[in-house]
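Here is the naming used below: chain letters follow the sequence lines, and residue numbers restart at 1 for every chain. When reading the values below, keep in mind they use all heavy atoms of this one structure, side chains included, and skip hydrogens, waters and symmetry mates.
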Amino acid sequence: MPIRLSSLFLRTLREDPSDAEVESHRLLVRAGYIRRAAPGVFTWLPLGLRVKANIERIIREEMERAGAQEVFFPALLPKEPYEATGRWEEYGDNIFRLQDRKKADYLLAPTHEEVFTLLVKDLYSSYKDLPLSIYQIQNKYRDEARPRAGLLRGREFVMKDAYSFDVTDEGLAKSYQAQRDAYERIFQRLGVDYVVVKADAGAMGGSKSEEFLSPSPIGEDTFVRSAGGFAANVEAVSFAVAPDVDGSKNPAPVIFDSPNTPTIATLVDFANQNHPGARPYTAADTLKNVVLALVSPDGKRELVVVGLPGDREVDQKRAEAFFGPHDVEAANDADFAKYPQLVKGYIGPVRAGKQFLGKDAESGIRYLLDPRVAKGSMWITGANEDQKHVFNLSYGRDFSADGVADIAEIRAGDPAPDGSGALELARGIEIGHVFQLGRKYAEALDLRVLDENGKLVTVTMGSYGIGVTRLVAVLAEANRDDAGLIWPEAVSPADVHIIAAGKDEEPFQAAEALSSKAETAGLSVLLDDRQKVSPGVKFADAELIGVPWVIICGRGVSEGQVELWNRRSGERVQVGLESAIEELLARRA
RNA sequence: CGGGAUGUAGCGCAACUUGGUAGCGCACCUGUUUUGGGUACAGGGGGUUGCAGGUUCAAAUCCUGUCAUCCCGACCA
C-alpha cells in the first residue's frame, strides 16, 4: 500500500525550529522526520523511521555477506562486566547510571564489548568454534556533556556494533579485513562520501584502528591527507625523528641578557635587533619549552616539559592521544610553585652549562623533544634565569632529552610522514570505526578457549561500529538544497512521490492508478492524495520531504500526460501516463 | 566545567525599558473562495507568561532564588 499523505502522521513546518543550527537537523525536523524529545534524544516519525530502516537493512545485508550473525543485547545492563574491565570508573560522568529497587547499579550501555565477550565465554570454549563474528543494531547511551547538532551528537543513538573473536593474530587480521570490506560496501551503497583514515586506538586499547570519516565542514574530527594517499586522523599522525644534521661547526653557546622577552615573538625581535645572525631569525629558530601536567587515571599529577620549534603550538588532542591514558593540562600556578627553578618564559634544557631538564638532570622533570628537533641543530632558548636566553645551543652537544613527544599541531603543507606529499587538513564526521582490540577485553573477562593441543589460549577480538542514526544526519547534510532534502535512492523513505495536483477527479484517479502500477513494479510510493490542498503546498512539501523522484499528475492528465520530476537535477519531463512508470524505472540508478 | 544568550499557544515571535491582567504570523477548526508554486476573506478554539518566593491595590513586566534549553569553548568508544 502507498503511504498516503492524506493520512500520514506528519506535519511539515513552514518555519525553522529555533534550536536547530545545522542544516540536517533543521530539515529533518521541518520535513517531519524527527522530533526532539530531550537534549540529544529524538523521537522518530514514520518518514524518519523508514530512512533509518533502509540504512539498517543495507547494513544487515552486508554484515550477513561478511559472515556476521545478528544478536540483540539489552541496552540496560548490570555494572559488573564494566567493573571487570575498569570502564565503570573510566567512563565517569559519560554514562547513564541507574539503580533498581534493591539499589543494585545498572547502566545504559554506551558500548557493548564486555557483554559480547561474556556471551561468547558462556557459550564457546573451543578453538573449533572460532572464528566468530556477531553484531547487533542497538540504542547506545552516553551522557554527553553537550549534545549538539541534532542527530550528529546525541545522548541516545543507534549503532551497529560488531565483534570478532579469533584464536590467532592472523585470524583477527582476516576478520578485521572482512568488516572493513563490508564497511566500504555499506558506505558505497548508501551513497555517502567517506575517507578511511588511520585512527588512534585510544581508550579502547588495541593495536590497529581505522576510522571512516565523511568529509564535512561541520565535522568534529580533523584529519590529514596527502595527494599520495596518506590519510589519518590528526590524533594518529606520528612523524619520524628528523635525521641528524652536521653540528660540528656550530658556534659555542652563549648566554645573553634578553630583558622583557617572555614570548617567542618578543624573543625573535630581540634576537634580530641585538644579536643578528647570518640570516634573520624566525620563530622556528627558537626552542619553546612547554610545561604540561599529565594527570593519570588515578589522579596522580606529573610535570613534563616538551621542547618544540617556537613556531609550533601544542595540539591538545594530539597530546592527549600521545600521553594517553593520561589527561594533559597546561601547568598551573600550583605546579610552578612546586618547581621554583622553572622561570616562566625563560625555560630551557640547560642552566649554567649543565643539563637542567630531564629525569636524571638537575630539575628531575622529564624532558621530551618534538621530532623535528634534529641532533646537531642549533637553538635559541631559555637559560633558566630570569630575562636571559641562550643562543647556539646545539642538540646532542649541549643538551639531551629523555625522548620524543610528537604532539605539535599539524599544519597544511607539512610533509606526510610516509613521504607521499604535502598534507592537507580537513574536517570529517566519524561514521564508522574499526578496531583490532587484541586481547584486552578477553583477558580482563577471561575469555579463553582450548587450542588443538588442549591448551588454554586467550581469544583476540576486534570491534567494529557504525553510527546508524548519525548516518541519517550525514546523508541529510550532504543531500539537500535550499528547498529541502534530496535522499539517495538507497535510503529514501519512498522510491517515488506521486502528486495529484488540481481539484478535478482525473489527476487523483491517475495518481491512484500510477501508484498501484509503481507498487506492482516493486517501487514504494508516497502518494499525495490530499484533497483541498493547493498544488503549491504539495510541491513545497515534496521538495522538503526529498523523495528523489516525483510524478505530478495535473492538467496534462486529460491528454494522457504526467510530469516526471528529478528532485536532484530539477529536470522535469512530460511523459505519457501509461508509460510513466517504465520511464521512471529506466531513469532510476 | 568556563563564557554568552534565551524561557510567553503546537511552531516562530511581540508586549518587559516606562507594572493595569497577553498579542501577531504559521499551524488547527467552521464557512465561502482558489486549484501548476506555501490562494483570499470572514468567524473560531487553544496560555497557570519555566518554577518558587518577594514588592505592589495590581506583576509576563520590578526584586531574589531556582530549574531548564540553546550557542561557543573544554570534554567526547
Taking only residues two or more places apart in sequence or in another chain, which ones pass side-chain hydrogen bond (donor to acceptor under 3.5 Å, both in side chains) with [X]?
X      : result
A:S6   : A:D529
A:E184 : A:R180, A:Y194
A:E23  : A:R26

Distance in angstrom units between [X] [atom1] and [N] [atom2], rounded:
X      : N      : atom1 : atom2 : value
A:R148 : B:rC76 : CZ    : P     : 12 Å
A:L13  : B:rC13 : CG    : P     : 12 Å
A:N94  : B:rC1  : CG    : P     : 13 Å
A:Q574 : B:rG36 : CD    : P     : 14 Å
A:Q561 : B:rG36 : CD    : C1'   : 15 Å
A:E235 : B:rC75 : CD    : P     : 10 Å
A:R87  : B:rC76 : CZ    : P     : 15 Å
A:W565 : B:rG36 : CH2   : P     : 15 Å

Self-check item: A:H112, A:E70, A:K160 screened by side-chain hydrogen bond (donor to acceptor under 3.5 Å, both in side chains) with A:Q136, the one that passes
Solution: A:H112

With rounding to the closest Å, how many angstrom separate the [atom1] atoms on [N] and [M]?
N      : M      : atom1 : answer
B:rC62 : B:rG10 : C1'   : 31 Å
B:rA59 : B:rA52 : P     : 14 Å
B:rU69 : B:rA40 : C1'   : 39 Å
B:rC41 : B:rC24 : P     : 15 Å
B:rG36 : B:rG31 : C1'   : 26 Å
B:rU61 : B:rU55 : C1'   : 13 Å
B:rA60 : B:rU39 : P     : 37 Å
B:rG44 : B:rG25 : P     : 13 Å

[X], [atom1]: over 12 other non-hydrogen atoms inside 6.0 angstrom:
X      : atom1 : result
A:K174 : NZ    : no
A:Q69  : CD    : no
A:E578 : CD    : no

Self-check item: Partner of A:Y163 under ring-ring contact (aromatic ring centres under 6.0 Å, His included), chosen from A:F116, A:F73, A:Y464
Solution: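 Only one option passes, and that is A:F116.
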
Quiz item: Relative to the 5' end of RNA chain B, which residue comes earlier, A:R35 or A:M159, by the nucleotide with the nearest heavy atom?
Solution: A:R35

Quiz prompt | Comparing A:A540 and A:P110 on RNA chain B - which has the more 5′ nearest nucleotide | solution = A:A540

Quiz item: What nucleotide among B:rC13, B:rC76, B:rG36 has an atom nearest to a side-chain atom of A:S18?
Solution: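 In terms of side-chain proximity for A:S18, the closest of B:rC13, B:rC76, B:rG36 is B:rC13.
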
Quiz prompt | Listed nucleotide nearest any side-chain atom of A:D541, set B:rC75, B:rG38, B:rG36 | solution = B:rG38

Quiz item: Hey, does A:R30 reach any base, or is it just sugar-phosphate, or nothing, if we go heavy atoms under 4.0 Å?
Solution: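 Base, at least one base atom sits under 4.0 Å.
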
Practice problem: Under 4.0 Å between any heavy atoms, over every strand shown, what does A:G465 touch: base, sugar-phosphate, or nothing? Just pick one. | Solution: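 No contact.
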
Quiz item: Between A:F187 and A:F212, is the ring centre distance below 6.0 Å?
Solution: yes

Self-check item: Short side-chain N/O contact to B:rU69 OP1/OP2 from A:R146, under 4.0 Å
Solution: no

Quiz prompt | Non-neighbouring partners of A:H25 that pass ring pair (Phe, Tyr, Trp, His ring centres under 6.0 Å), sequence neighbours left out | solution =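 Once residues adjacent in sequence are excluded, the partners of A:H25 under the ring pair (Phe, Tyr, Trp, His ring centres under 6.0 Å) criterion are A:F42.
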
Contact list (N/O, under 3.5 angstrom) for nucleotides 23-25 of chain B vs protein:
| from | atom 1 | to | atom 2 | distance (Å) |
| --- | --- | --- | --- | --- |
| B:rG25 | N2 | A:E15 | OE1 | 2.7 |

What N/O pairs connect the protein and nucleotides 43-47 of chain B at under 3.5 Å? Give each pair on its own line.
none

Exercise. Identify all stems in which RNA chain B takes part, counting only runs of at least 3 consecutive pairs (Watson-Crick or G-U wobble, each distance under 3.5 Å), and give each as one range with another, ordered by first number.
Key: B:1-7 with B:67-73, B:10-13 with B:23-26, B:28-32 with B:40-44, B:50-54 with B:62-66

Quiz prompt | A:V434 vs A:V196 side-chain heavy atoms within contact, under 4.5 Å | solution = no

Quiz prompt | Close side-chain approach of A:D143 and A:I95, heavy atoms under 4.5 Å | solution = no

Quiz item: Is a salt bridge present between A:D528 and A:R4, judged by a nitrogen-to-oxygen distance below 4.0 Å?
Solution: no

Quiz item: Would you call A:R60 and A:E62 a salt bridge, using N to O less than 4.0 angstrom?
Solution: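 Salt bridge: no.
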
Quiz item: Among residues 69-76 of chain A, which residues get a heavy atom nearer than 4.0 Å to RNA chain B?
Solution: none

Self-check item: Donor-acceptor pair under 3.5 Å, A:D16 side chain vs B:rG12 base
Solution: no

Quiz item: Are any side-chain N or O atoms of A:R318 and backbone N or O atoms of A:A408, one a donor and one an acceptor, separated by less than 3.5 Å?
Solution: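 It does hold such a pair.
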
Heteroatom pairs (N/O) under 3.5 angstrom, protein to nucleotides 27-34 of chain B:
| from | atom 1 | to | atom 2 | distance (Å) |
| --- | --- | --- | --- | --- |
| B:rA27 | OP1 | A:R14 | NH2 | 3.0 |

Quiz item: A:A75: what forms a side chain to side chain contact (heavy atoms under 4.5 Å, CB included) with it, not counting sequence neighbours?
Solution: A:Q138, A:Y141

Practice problem: For A:E114, enumerate each residue passing the salt bridge (Lys or Arg N to Asp or Glu O under 4.0 Å) test, keeping only those at least two apart in sequence or located in another chain. | Solution: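 With sequence neighbours excluded, A:E114 shows a salt bridge (Lys or Arg N to Asp or Glu O under 4.0 Å) to A:R87, given in chain and number order.
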
Self-check item: Residue pairs passing the ring-ring contact (aromatic ring centres under 6.0 Å, His included) test where at least one lies in residues 526-567 of chain A, sequence neighbours excluded
Solution: none

